[in-house]
Amino acid sequence: MLTIKDPARGLVGHGVSTCAGCGLELAIRVILDILGEKTVIVIPPSCAALFSGYGNETTLGIPGIQGNLENTAAVAAGIRAGFAHRGMTDITVLGMAGDGGTVDIGLQALSGAFERGDKILYVCYDNEAYMNTGIQASSSTPLMASTTTTPAGKLVNRKNMMQIVGAHGIPYAATASVGYIEDLRKKVAKAKDADGPAFLHVHAPCPTGWGYAPAKTIEVAKLAVTTHCWNLYEMVNGKEIKITKQIKKPAPVKDYLVLQKRFKGVTDEGAAEIQAQIDTEYANLERLASLAE
Amino acid sequence: MLEGNGAASEAMRLARIGVVSAYPVTPQSPIAEVLSDYVSQGRLDAEYVRVESEHSAMSVAIGAQLTGVRTGTATSSVGLALMFEMLGVAAGLRLPIVMPVVNRALVSPWSLWCDHQDSMSVRDSGWMQFYAEDCQEVLDLILIAYKAAEHADVLLPTMVCMDGFFLSHMSQAVMVPDQEDVDAFLPFYEAKNLKLDPSDPMFINNLTPSTEFMEMRYQQFEGFNNASGIIKETMAEFKNRFGRGYQPVEAYRCEDAEAVIISLGSMSGTVKHIVDQYREKGKKVGSIRIVCFRPFPTEDLLRIVPENAHVGVLDRSMSLGAQAGPVCMEVRSALSERRPDVRVQPYVAGLGGRDLRPVAVTTAIDQMLEGTFNPAAQWLDVNENAMTIRRYTEVA
Ligand SMILES: Cc1ncc(C[n+]2csc(CCOP(=O)(O)OP(=O)(O)O)c2C)c(N)n1
Ligand code: SF4
Ligand SMILES: [Mg+2]
């Protein structure tokens, strides 16, 4: 057994080598705080792997395994099946993967586990690119964001991952944000208790990849929500959608864009195009939410 | 009566696997089907995870085995290729997962039929590899594999390979041992090294610096070294209990032989039959069968290859760009320093489902008896149109 050298208050040790102001770091601390010690975590290669540790040191006080980029859901499903065989049903099996490991290369394994109804809690922390390999675009990278593989801005819109997850009809799915910690906590608790697979899509701003000052992570995260660039809602059984944070007077998208270097090249027309896209998406979401009422 | 696939499923049932994850691929599919049937009938107390790919099949097996449960999966050909990334993970995590591999050619071109390119392509992945000659051996070698692989000084995953269709779909009389006897041979599984357990937390498989990586590879290397002896002990114990004896490498009529054919899998039956015919004519011919390809039984081979023999190795796959196929390269490297008296001729035969026709074997034996030698692989029983078949030509 590995010894934990520096006991922290939570299940995540001090001195993790994430960048200052990392949204993911905040997310994982909150999530493990709610889930508690009876949790096993699966982490793929990604910035989250900084929590796996290095050599014979780890930052986590719970058992875990670093799997591969595309199989977080499958490894978690295997762990769940092993525990089920041994009658150990009170353990949460958590997959904690980035957007690349989820919406791109890991989509197949995730879909398989959700279709089978494997009781795993899958968290996709979304920093909207492949950060760990040097800020390359993923299919969760938003329209017109510049990355090292979309230097002139991404030409196409991001994938709607929640709709894909919803198509599986799993008991609980929700979006969340590190800008709204109480909301995140509640959703983690619900996901933990779901009667089947659960999915959390957590917006996790990344100062390094997005190009803003580390101190502004919460501000950026909140602005994403108040501009409707990231909407907070729950989806039960794939269809009952409930918006958990209604924004009475949404701010213009531009307020969010100007804070981040990755949108530096976006022209006024570009910003208008993004605004239109965001408005359409929000209208869609409201329509779906109204169906559930 | 059982087919090779049925023998494999029976062995896995007897080993009391607790989690099954398998994805259908010809000619392995019956294993996945039968195991799921056993689970639904309650004949096997296991969780059946109906995975969406072979990559996930191995990922599930790895996750489950880490909770301290014996797992079962099986695959073939392109499925094994898709698993490749996870084979190294299972090996590096020292998980004694046992997996039947139903040998089938790799694409391209597409083929549903037997050769060894699939399992030979993963011979360096850190898995032990056994090759069965008949259906009884499929069952027996799987039980032996679990026991040897789980030994604390071994902890290596193991492939038990059987020739697609030739064994997987061939009905033969198979003795299925009693559950109590198997339980006595193969005790309840416990995770011996890494495990996922909230009461004893550890983080598995994180980034490892170069100051430790080599040492951990070295541990695997030592695991293989230990396995050589432990496999023999396990085979001896199996014989005591079940009456059927095996060895990592088997010699047949090799004493005084001038020409010896080395082969593995179901080819060996044909070879032995032809050896008998030569012996009847007074010709000094023998056969050696490699049962355990990883770890390679170098010392045993050195002992049983007769003095001054011409050795011909039948490879059912080819290492393209090399002089010889993988089995031959292995035999050559085992014999090169310490047996300057023998000459090793590489042969390639039986690819993509081609039967090992007697003419292929007799051609090889006759060449060896004549003393013909060519350091590069000789392809046996290849049609004359080999260089014109499917060749694109411009229509005038
Ligand atoms: C099969 C495979 N391909 C590529 C990689 C290289 N790789 C490691 S991390 C990573 C990016 C992951 O991005 P994401 O999931 O968004 O996590 P982030 O780094 O942004 O936290 C990639 C491509 C890999 N580990 N495995
Ligand atoms: S690159 Fe971004 S996500 Fe990765 S550690 Fe730094 S801030 Fe966190
Ligand atoms: Mg990312």
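Chain letters run A, B, ... following the sequence lines, proteins first and then strands; every chain starts at 1.
Interface residue B:L66: only side-chain heavy atoms are found under 4.5 Å from chain A. Heavy atoms closer than 4.5 Å to chain B are found in the backbone of A:I62, but not in its side chain. When heavy atoms are compared at a cutoff of 4.5 Å, B:S21 does not approach chain A at all. With a 4.5 Å cut-off on non-hydrogen atoms, B:M58 does not touch chain A at all. If you measure heavy-atom distances from A:R116 to chain B, the contacts under 4.5 Å come from both the backbone and the side chain. The part of A:V40 that comes within reach of chain B is its side chain, from C-beta onward, which places non-hydrogen atoms under 4.5 angstrom from that chain. Contacts between B:V89 and chain A at a heavy-atom distance below 4.5 Å involve the side chain alone, from C-beta outward. With a 4.5 Å cut-off on non-hydrogen atoms, B:L194 does not touch chain A at all.
By the 4.5 Å heavy-atom criterion applied to side chains, B:I142 and B:P100 are counted as neighbours.
Ranking A:G64, A:G112, A:A81 against chain B, the residue ahead of the rest is A:G64, based on heavy-atom pairs under 4.5 Å. For chain B, the option among A:T59, A:N68, A:V42 with the highest count of heavy-atom pairs below 4.5 Å is A:N68. Contacts with chain A were tallied for B:S56, B:A61, B:A64, B:A57; B:A64 has the most, counting heavy-atom pairs under 4.5 Å. Interface summary for chain B: among A:A84, A:A76, A:A77, the most heavy-atom pairs under 4.5 angstrom belong to A:A84. Of the listed residues (B:L93, B:T71, B:T208, B:L196), the greatest number of heavy-atom pairs within a distance under 4.5 Å of chain A belongs to B:L196. Comparing A:R86, A:K38, A:E37 by how many heavy-atom pairs each has under 4.5 Å with chain B, the most go to A:R86.
Residues B:D45 and B:R16 are not paired through a salt bridge, judged by the lack of any N-O separation under 4.0 Å between the basic side chain and the carboxylate.
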- Task: Give the C-alpha distance, both sets of side-chain angles, the deciding distance and a yes or no for salt bridge (Lys or Arg N to Asp or Glu O under 4.0 Å) between B:D124 and B:R294.
- Result: CA-CA 9 Å; B:D124 296 336; B:R294 284 284 182 269; 3.6 Å; yes
- Message: Working note: A:R158 + A:E128, criterion salt bridge (Lys or Arg N to Asp or Glu O under 4.0 Å); need CA distance, chi angles, decisive distance, verdict.
- Response: CA-CA 9 Å; A:R158 72 192 303 169; A:E128 301 182 337; 2.8 Å; yes
- Message: Quick one, A:E115 with B:R50, criterion salt bridge (Lys or Arg N to Asp or Glu O under 4.0 Å). Give me CA distance, side-chain angles, the key distance, then yes/no.
- Response: CA-CA 10 Å; A:E115 185 267 337; B:R50 185 181 37 76; 3.2 Å; yes
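Just one of B:M99, B:Q117, B:E54 meets the side chain to side chain contact (heavy atoms under 4.5 Å, CB included) condition when paired with B:L80; it is B:M99.
For residues 45-53 of chain A, heavy-atom neighbours of chain B at less than 4.5 Å comprise A:S52, A:G53, sorted by residue number.
The two residues A:Y125 and A:A204 come nearest to each other via the heavy atoms CB-CB, 4.3 Å. Counting all heavy atoms, side chain and backbone alike, A:A137 lies closest to A:Y130 at O-CE1, 3.8 Å. Taking both residues in full, the closest heavy atoms of B:L139 and B:A11 are given as O-CB, 3.7 Å, listed atom of the first, atom of the second, then distance. A:A198 and A:A191 get closest at one heavy-atom pair: CB-O, 3.5 Å.
Centroid-to-centroid, the aromatic rings of A:H85 and A:F83 stay 6.0 Å apart or farther. Residues B:F221 and B:Y218 place their aromatic rings such that the two centres sit under 6.0 Å apart.
Between A:H203 and A:W210, the angle of the ring planes lies from 30° to 60°, which puts this pair in the tilted group.
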